[in-house]
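Read the structure below first, then the notes.
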2 protein chains.
Amino acid sequence: MTHPTARPRNAAATRQAILTSAITAFTRHGYDGVGVRDIAADAGVTAMLVNRYFGSKEGLFTEVVDVSFAEPTMVPPGPADLAAETAGALVARTAPEADHLGPFELMLRSAANPRAAEIIRAGIEKHVGARFTAALNGPHARERAELGLALLAGTWLLRRLVGTSALRDADPGLLTAQVTRMLSVVVEPPA
Amino acid sequence: MTHPTARPRNAAATRQAILTSAITAFTRHGYDGVGVRDIAADAGVTAMLVNRYFGSKEGLFTEVVDVSFAEPTMVPPGPADLAAETAGALVARTAPEADHLGPFELMLRSAANPRAAEIIRAGIEKHVGARFTAALNGPHARERAELGLALLAGTWLLRRLVGTSALRDADPGLLTAQVTRMLSVVVEPPA
DNA sequence: CCGGCAAGTCTACAGCTGATAACTTGTCAT
DNA sequence: ATGACAAGTTATCAGCTGTAGACTTGCCGG
């Protein structure tokens with residue numbers, strides 16, 4: 001059968017191909033919305049290799065979450081105008097024409113499953129929450145950081161996944177300004 | 001076979017029993033997380049009656065969303081201190097020990113499925129968004145209302161479904177105060 | 001008393017799920 | 001060149017999904 005453009009036998013490369021395929025699949029359709037056969041086929045292998053290399057679908061998802069949440073999206077290092085920059089990035093990436101995939105989409109599409117939600121919680125607390133918290137000064141930084149994340153996640157949900165009309169059709173500038181003001185409440189250290 | 005406590009043949013009552021069972025099931029496990037057999041069994045009937053009375057699983061979900069989003073949760077009529085009251089209700093209902101089921105849980109657990117998401121969008125725009133918008137004065141009321149909803153939904157997501165530690169263990173009073181301040185940004189009419 | 005019609009059920013289908021065990025095939029060191 | 005081990009595959013499992021058709025059962029008007 002051997003495919004014309006057959007990949008040479010290479011465990012590391014195959015593992016990586018599965019992981020890459022899984023990242024986009026889980027992000028696009030959520031943990032329960034995709035099967036291991038889809039992921040494997042997209043990587044050009046059979047489904048059994050998922051279990052061989054990642055133990056189980058859940059193990060694969062754990063690694064996907066870890067990788068996806070590790071890359072520093074959404075929180076630029078410059079603390080100069082954190083609220084405005086974050087709001088701008090959010091609005092741009094949730095624009096109807098944008099096709100950005102990332103941790104927010106992954107979280108929103110998989111959080112319905114309790115086991116997936118627990119894996120996501122670990123990922124947030126290890127990566128995103130920590131980064132966001134570190135960018136804030138003053139007391140209650142963790143709570144303020146997670147409230148900021150909540151606003152971003154909720155906006156992403158309504159604007160991209162659900163697609164409510166007001167947020168979908170809103171003027172980007174206006175939207176950025178509003179989100180910036182809401183974010184500032186938790187970004188700027190309390191007096 | 002006839003069950004000992006058999007319900008008398010009553011189409012309306014049976015339909016209602018299925019609907020009630022579906023509301024709690026969909027809210028607890030999401031659209032994709034529950035099967036029509038589970039719902040029917042919980043209502044004491046066979047799965048076929050779901051199709052008989054609601055056409056399909058999707059038709060049943062549509063009615064569930066409509067009913068669930070119609071009841072005026074989360075937005076009290078008194079516009080006196082809308083932000084504070086809404087924030088208080090949110091924090092109370094998302095407390096770890098609370099077992100409140102409602103439209104937010106239903107939305108968050110089902111939004112991953114695009115078909116369900118579209119049904120939810122319709123429900124929001126028909127009921128929740130309209131109520132929330134009507135409570136706001138000033139320009140861009142719809143955008144501000146949906147941003148408020150986004151904050152509520154995101155907080156619900158992180159605090160209840162995902163369970164990030166900072167929000168889960170936060171002092172309720174402090175949390176209510178922070179959410180109130182963020183909500184005020186969109187609730188109070190811009191100068 | 002009983003016939004008709006609606007309420008409700010049984011059986012079945014075609015397709016999917018994640019996972020396991022046993023099998024074949026390619027590659028590299030000797 | 002060849003043997004050994006890893007890489008990859010095929011076959012299969014038990015269970016679930018939503019829905020369709022044909023069936024039985026109970027109630028209510030005459």
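Note: hydrogens, waters and symmetry copies are ignored here, and every other heavy atom, side chains too, is used. Chain letters run A, B, ... following the sequence lines, proteins first, then strands; residues in each count from 1.
- Under the salt bridge (charged side-chain N to carboxylate O under 4.0 Å, His left out) criterion, A:Glu143 pairs with no residue at all, not counting sequence neighbours.
- Residue A:Thr14 has no polar side-chain atom (N or O) positioned under 4.0 Å from OP1 or OP2 of D:dA7.
- With B:Arg109 as the fixed residue, the side chain to side chain contact (heavy atoms under 4.5 Å, CB included) test singles out one of B:Leu161, B:Leu157, B:Val34, B:Thr27: B:Leu161.
- Between A:His127 and A:Phe69, the shortest heavy-atom contact is CB-O, 3.2 Å.
- Summary for the helix from C:dC1-D:dG30 to C:dC13-D:dG18: the axes at its two ends, each from 5 pairs, differ by 20° when rounded to the nearest 10 degrees.
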Let me have the donor-acceptor pairs involving side chains of residues 181-191 of chain B, under 3.5 Å, with sequence neighbours excluded, atom names and distances please.
unit_1, atom_1, unit_2, atom_2, d
B:Ser184, OG, B:Thr180, O, 2.6

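- Distance check: A:Leu147 CG to A:Phe132 CZ gives 10.5 Å after rounding to the nearest 0.5 Å.
- A:Phe61 is linked by a ring pair (Phe, Tyr, Trp, His ring centres under 6.0 Å) to A:Phe26, A:Tyr31, counting only residues two or more places apart in sequence or in another chain.
- Using a 4.0 Å cutoff on non-hydrogen atoms, no part of residues 106-117 of chain B comes near DNA chain D.
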B:Thr20/B:Gln16 under side-chain hydrogen bond (donor to acceptor under 3.5 Å, both in side chains): CA gap, chis, key distance, verdict: CA-CA 6 Å; B:Thr20 303; B:Gln16 183 58 45; 3.2 Å; yes
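- A salt bridge between B:Glu118 and B:Arg115 is absent, with no side-chain N of the basic residue lying under 4.0 Å from a carboxylate O of the acidic one.
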Contact list (N/O, under 3.5 angstrom) for nucleotides 16-20 of chain D vs protein:
unit_1, atom_1, unit_2, atom_2, d
D:dG18, OP1, B:Lys57, NZ, 2.6
D:dG18, OP2, B:Val36, N, 2.9
D:dG18, N7, B:Arg37, NH1, 2.7
D:dG18, O6, B:Arg37, NH2, 2.9
D:dT19, OP2, B:Asn51, OD1, 3.4
D:dT19, OP2, B:Lys57, N, 3.0
D:dT19, O4, B:Arg37, NH2, 3.3

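- Put simply, CZ on A:Arg9 is 4 Å from C1' on D:dA7, counting in whole angstrom units.
- For A:Leu49 and C:dG18, the CG to C1' distance is 15 Å, given to the nearest whole Å.
- When only modelled atom types and interatomic distance are considered, B:Glu125 and A:Ser165 share a side-chain donor-acceptor pair under 3.5 Å.
- With rounding to the nearest 0.5 Å, the separation of CZ in B:Arg28 from CD1 in B:Ile23 is 12.5 Å.
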